[in-house]
Amino acid sequence: MDEEYDVIVLGTGLTECILSGIMSVKGKKVLHMDRNSYYGGESASITPLEDLYKRFNIPGSPPESMGRGRDWNVDLIPKFLMANGQLVKMLLYTEVTRYLDFKVVEGSYVYKKGKIYKVPSTEKEAVASSMLGLLDKNRYRKFLQRVFLYDENDPATWDGYHPKETTMRSVFEKCNLGTDVMDFTGHALALYRTDDYLDQPCLETINRIKLYSESLARYGKSPYLYPLYGLGELPQGFARLSAIYGGTYMLNKPIEEIVMENGRVVGVKSEGEIARCKQLICDPSYVPDRVKKIGQVIRIICILSHPIKTITDMNSCQIIIPQNQVNRKSDIYICMISHAHNVAAQGKFIAIISTTVETSDPENEIQPALDLLEPVDQKFVCISDMYAPVDLGAETQIFISRTYDATTHFETTCDDIKDIYRRMTGVDFDFEEMKRKQNDIFGEDEQKESN
């Protein structure tokens, strides 16, 4: 292992595997190591079911009613992909989609006053939604018309809403939209976790609503996609991409020391040997002295023998419980998937609840979500710390990812990837450049095959 690399990557979470793939495509010599024997890190999919019981210290074995243990692939961190979002673009442009199959999530719902409603995200749905009163239907329809026509580069479409000066709160007020409408628009369409966005310029929120609508338009049922066999397939796909471009992978590799010289990383020591490098990417667990705790997330994995009540005809869905509906500061999320996605035994469903911890009794905080899932066959509770880097890498050339948040989509993860890429290279991540590089290499391969 006594070699020099451009980049060493520690940890096989999705963030690390995507960056490993991107750096390999750029022509960097990459070594990727993980102390674990499996891909995915904290975002792994656990199989068989017996391993999930062991991981959460549940005594005994799964009952026979759970089916075969190997039929289960249970995500530790629930996430869906926005169909027109950043991660899908990364998958398409890098052609990692060749290794994966996806299903459309069948529904997107929002919680209001104890009931679940389909998220109205089009003008037609706004008029038909039972969640909206008669006056709100028309006001919301007109609001969506304004949003879909809005172009930050064409002042004629602004309708008095300056993209960088008008706050989103002002937009809602001028459209005469009440608190309930603001709730589901900001949290179920724009996918904000808190209400801080209300006093920020409106452009970001408008773009988020457009992303939701564009993602929904691609497949019709919901804006979300989910990979067959679980999210653990995603980091493995990008690991294959890295390998195609010469990346070297070593799993089950203990990391003894990150070697520094004059305040800068120069290598990683493992089993008495040092692999030298110019830059290092890692998750927070490898550098506890270079990160700070920024909060906690509670996640509860629930195994069910039924779909969520009132959504009985669906194998998958997302439900968002906006903060104001349950007197909280942050939203509660529910992801449901099932045997239809090759992650559970026949007739079984997996629902995963997640939220940011706000009190000393986290399980009580998610009770409104648990009430929607009853009865639950088995639940697995995890409360994890969230970390962010205090070392941004300018001097040390160590680039640390952020811990996965409570959201059920990958947009914040992709923002982190792009931020690390910018700090490592000094330039913004360019989707089109990735596409061109892929076309070049695969074009050459096709020519060789034809000859």
Side-chain angles (χ1 to χ4, degrees), residues 13-15 17-18 40 42-43 45 75-92 96-97 100 102-111 118-119 121 183-194 196-197 204-227 230-235 237-238 297-299 301 316-323 330-337 341 343 350-356 369 386 401-419 431:
L14 181 60
T15 301
C17 285
I18 290 178
E42 65 169 334
S43 61
S45 298
D75 299 329
L76 294 177
I77 293 179
K79 298 276 184 184
F80 290 147
L81 290 78
M82 295 289 287
N84 214 39
Q86 299 178 88
L87 181 53
V88 168
K89 289 178 181 177
M90 289 181 185
L91 286 162
L92 288 169
V96 171
T97 45
L100 302 164
F102 292 89
K103 268 186 177 287
V104 181
V105 174
E106 294 177 31
S108 178
Y109 295 85
V110 64
Y111 177 100
K118 188 177 188 303
V119 177
S121 57
D183 263 358
F184 78 73
T185 304
H187 295 265
L189 268 78
L191 300 174
Y192 284 107
R193 287 171 286 169
T194 70
D196 293 348
Y197 77 96
E204 174 69 14
T205 302
I206 289 171
N207 286 338
R208 283 176 173 233
I209 295 170
K210 282 185 171 183
L211 170 61
Y212 186 103
S213 178
E214 290 161 1
S215 296
L216 177 66
R218 290 191 70 166
Y219 299 107
K221 291 182 179 179
S222 86
Y224 303 111
L225 303 174
Y226 182 79
L231 296 175
E233 297 295 297
L234 291 172
F238 283 98
V297 176
I298 179 171
R299 298 182 178 93
I301 300 167
S316 59
C317 71
Q318 176 185 257
I319 301 170
I320 294 177
I321 303 178
Q323 54 173 37
S330 50
D331 297 347
I332 302 172
Y333 301 89
I334 304 172
C335 287
M336 185 188 77
I337 46 182
H341 306 86
V343 294
I350 302 169
I352 307 180
I353 303 166
S354 59
T355 192
T356 304
M386 292 191 295
S401 62
R402 297 174 69 92
T403 308
Y404 297 102
D405 60 29
T407 59
T408 52
H409 57 80
F410 280 106
E411 294 306 297
T412 51
T413 302
C414 290
D415 289 342
D416 188 32
I417 290 165
K418 288 160 62 178
D419 180 53
F431 285 108

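Predicted model, so just to flag it, every value in this text is computed and none were measured.
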Going by heavy atoms in the side chains, are [X] and [Y] under 4.5 Å from each other?
X	Y	value
Y333	L191	no
S316	H341	yes
Q86	I417	no
V88	N84	no
L91	L234	yes
D75	Y226	yes
Q318	Y109	no
L87	L14	yes

Rounded to the nearest 0.5 Å, what separation is found between the [atom1] atom of [X] and the [atom2] atom of [Y]?
X	Y	atom1	atom2	answer
T97	L92	OG1	CG	5.5 Å
R299	I353	CZ	CD1	12.5 Å
I352	I301	CD1	CD1	5.0 Å
S401	E42	OG	CD	8.0 Å
M386	D405	CE	CG	7.0 Å

Minimum heavy-atom distance between [X] and [Y], given as atom pair plus value:
X	Y	result
S108	Y212	OG-OH, 2.8 Å
P78	C335	CB-SG, 3.9 Å
Y404	S43	OH-OG, 3.6 Å
S354	A406	OG-O, 2.9 Å
Y111	P322	O-CD, 3.5 Å
L231	I77	CD1-O, 3.3 Å

Exercise. Count the heavy atoms belonging to other residues, nucleotides or ligands that lie under 6.0 Å from NZ of K221, then report whether that count exceeds 12.
Key: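 Open.
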
Self-check item: K118 atom NZ, neighbour heavy-atom count above 12 within 6.0 Å
Solution: yes

Exercise. Applying side-chain contact (heavy atoms from CB on, under 4.5 Å), run through L225 and R218 and close with a yes or a no.
Key: CA-CA 11 Å; L225 303 174; R218 290 191 70 166; over 6 Å; no

Practice problem: Give me the one residue out of D416, L81, L211 that meets side-chain contact (heavy atoms from CB on, under 4.5 Å) with E411. | Solution: L211

Quiz item: For the side-chain contact (heavy atoms from CB on, under 4.5 Å) test, which of D331, T356, I332 pairs with Q323?
Solution: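 Result: among D331, T356, I332, D331 is the only option passing the side-chain contact (heavy atoms from CB on, under 4.5 Å) with Q323.
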
Quiz item: Quick one: does S222's side chain have a donor or acceptor within less than 3.5 Å of a partner on V105's backbone?
Solution: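 Flag set: sc S222 to bb V105 pair under 3.5 Å.
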
Exercise. Please work out whether the ring planes of Y197 and Y192 are parallel, tilted or perpendicular, with thresholds of 30° and 60°.
Key: parallel

Practice problem: Identify the residue among T408, T407, T413 that makes a side-chain hydrogen bond (donor to acceptor under 3.5 Å, both in side chains) with K79. | Solution: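 Considering T408, T407, T413, a side-chain hydrogen bond (donor to acceptor under 3.5 Å, both in side chains) with K79 is found only for T407.
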
